[in-house]
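This report concerns only the one structure given below.
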Amino acid sequence: MSGSMKMGSDRVGKIVAWEDARGFGWLDDGGDRVFAHINEFPTGERRPRKGEWVRFVAGKDAKGRVCATKVVYVKRKSGRLVAGGLMILCLLLALPVAAWFSSPLPWWVAGGWMGVFSLVSFGQYAVDKRRAKSGGDRVSEASLHLMELLGGWPGAYLAQRWLRHKSRKKSYQVVFRVIVALYQVMAVGVVWENRLGRLIGGFLPGEW
């Protein structure tokens, strides 16, 4: 083990060796080889197998040795986005895209704005993920949320699933979802004001 692993950090690794008869094996998170005991896996579930991906918390055993704790199974497909997550993102972007085209501004202005901040947001997640693994100074959650609020939430959504970062922290997800919901509400307002409102207004008395 390299010694760069920060205790208490949430990590994802692959089971690279497992001795089922003895109840222990080794994980590899892409940089460190970590010991894992069967007692740290969920009780009542299937036995671990070589090649499976798991999420764990870096910790120490009773003898002070670095090991994996609170191990849970995760689904991982070579870093690809699952189709369901990509479909959800497309649905979340439907209203903002409709708002772009109904706005007096050229669609590429709003689209380009969100695209740039999405790239910045994705980059921040990548940096924070790398620092979490190496024990360096983290990117503050306030900074991550600020980029999301400025329009980078699609990039943040992608980063959460592609990098598997910040996707399981409930308090963080509450703020992130509020930001996404805010954009949905604003998009509805823009579409209503610029298209639906005019359409309905054409069938109502002039007083409307």
Closest non-hydrogen atoms of Phe56 and Val12, given as atom of the first, atom of the second and distance, are CE2-C, 4.2 Å
Evaluate the side chain to side chain contact (heavy atoms under 4.5 Å, CB included) criterion for residues Trp100 and Val190: first the C-alpha distance (whole Å), next the side-chain angles of each, then the deciding distance (0.1 Å), finally the verdict. CA-CA 9 Å; Trp100 299 347; Val190 172; over 6 Å; no
Indicate yes or no for a side-chain donor-acceptor contact from Ser121 to the backbone of Met147 under 3.5 Å, with no hydrogens or angles considered. no
With distance as the sole test, does Gln160 use its side chain to make a donor-acceptor pair with the main-chain N or O of Tyr157 at under 3.5 Å? no
Under a single-linkage definition using a 4.5 Å side-chain heavy-atom cutoff for Ile, Leu, Val, Met, Phe, Trp and Tyr, are Val16 and Tyr73 assigned to the same hydrophobic cluster? no
Separation of Gln124 CD from His145 NE2 (nearest 0.5 Å): 11.0 Å
Hey, any chance Leu163 and Val127 share a hydrophobic cluster, counting ILVMFWY side chains that come within less than 4.5 Å of each other, even indirectly? yes
Kindly compute the distance separating NZ (Lys70) from CZ (Phe41), expressed to the nearest 0.5 Å. 15.5 Å
Parallel, tilted or perpendicular: which one describes the rings of Phe35 and Phe24, with boundaries at 30° and 60°? tilted
Quick check on the hydrophobic clustering: are Val54 and Trp26 connected, directly or via other members, by side-chain heavy-atom contacts under 4.5 Å? no
Measuring from Arg55:CZ to Leu27:CG, what's the distance to the nearest 0.5 Å? 13.0 Å
List the steps, then state whether side chain to side chain donor-acceptor pair (under 3.5 Å) holds for His37 with Glu40. CA-CA 6 Å; His37 194 276; Glu40 294 297 334; over 6 Å; no
Just verifying a value: how many Å separate Lys60 NZ and Cys67 SG, rounded to the nearest 0.5 Å? 10.0 Å
Applying the 4.5 Å side-chain criterion to the ILVMFWY set and letting contacts propagate, would Leu86 and Leu95 be lumped into a single cluster? no
Which pairs would a plain distance check flag for residues 108-119, meaning a side-chain donor or acceptor within less than 3.5 Å of a matching protein atom at least two apart in sequence or in another chain?
unit_1	atom_1	unit_2	atom_2	d
Trp113	NE1	Leu150	O	2.6
Ser118	OG	Met114	O	2.7
Ser118	OG	Gly155	N	3.2

Ile15 and Arg49, any side-chain heavy atoms less than 4.5 Å apart: no
Answer yes or no: is there a donor N or O on one side and an acceptor on the other, between the side chain of Gln173 and the main chain of Lys166, under 3.5 Å? yes
So, the side chain of Asp128 versus the backbone of Val139: is there a donor-acceptor pair under 3.5 Å, distance only? yes
Within the side chain of Arg131, is there an N or O that forms a donor-acceptor pair under 3.5 Å with the backbone of Asp137? yes
Which pair of non-hydrogen atoms, one from Phe176 and one from Ala156, has the smallest distance, and what is that distance? CE1-CB, 3.8 Å
In Å, rounded to the nearest 0.5 Å, how long is the span from CG of Leu149 to OH of Tyr183? 5.5 Å
For Val34 and Ala68 the tightest heavy-atom approach is CG1-N, 3.5 Å
Check against salt bridge (Lys or Arg N to Asp or Glu O under 4.0 Å), Asp28 and Lys14: CA-CA 5 Å; Asp28 190 327; Lys14 185 178 181 180; over 6 Å; no
Trp153 ring center near Tyr125 ring center (under 6.0 Å): no
Distance-only, no hydrogens or angles: does the Arg47 side chain make a donor-acceptor pair with backbone N or O of Asp20 under 3.5 Å? yes
Backbone N or O of Ser140 within a donor-acceptor pair of the Ser143 side chain at under 3.5 Å? no
For Leu93 and Pro154 the tightest heavy-atom approach is CD2-CG, 3.9 Å
Could you measure the distance from the NZ atom of Lys129 to the CG atom of Asp10? Nearest 0.5 Å is fine. 7.0 Å
Do Trp107 and Val97 belong to the same hydrophobic cluster, where Ile, Leu, Val, Met, Phe, Trp and Tyr are linked whenever their side-chain heavy atoms lie under 4.5 Å apart, directly or via other members? yes
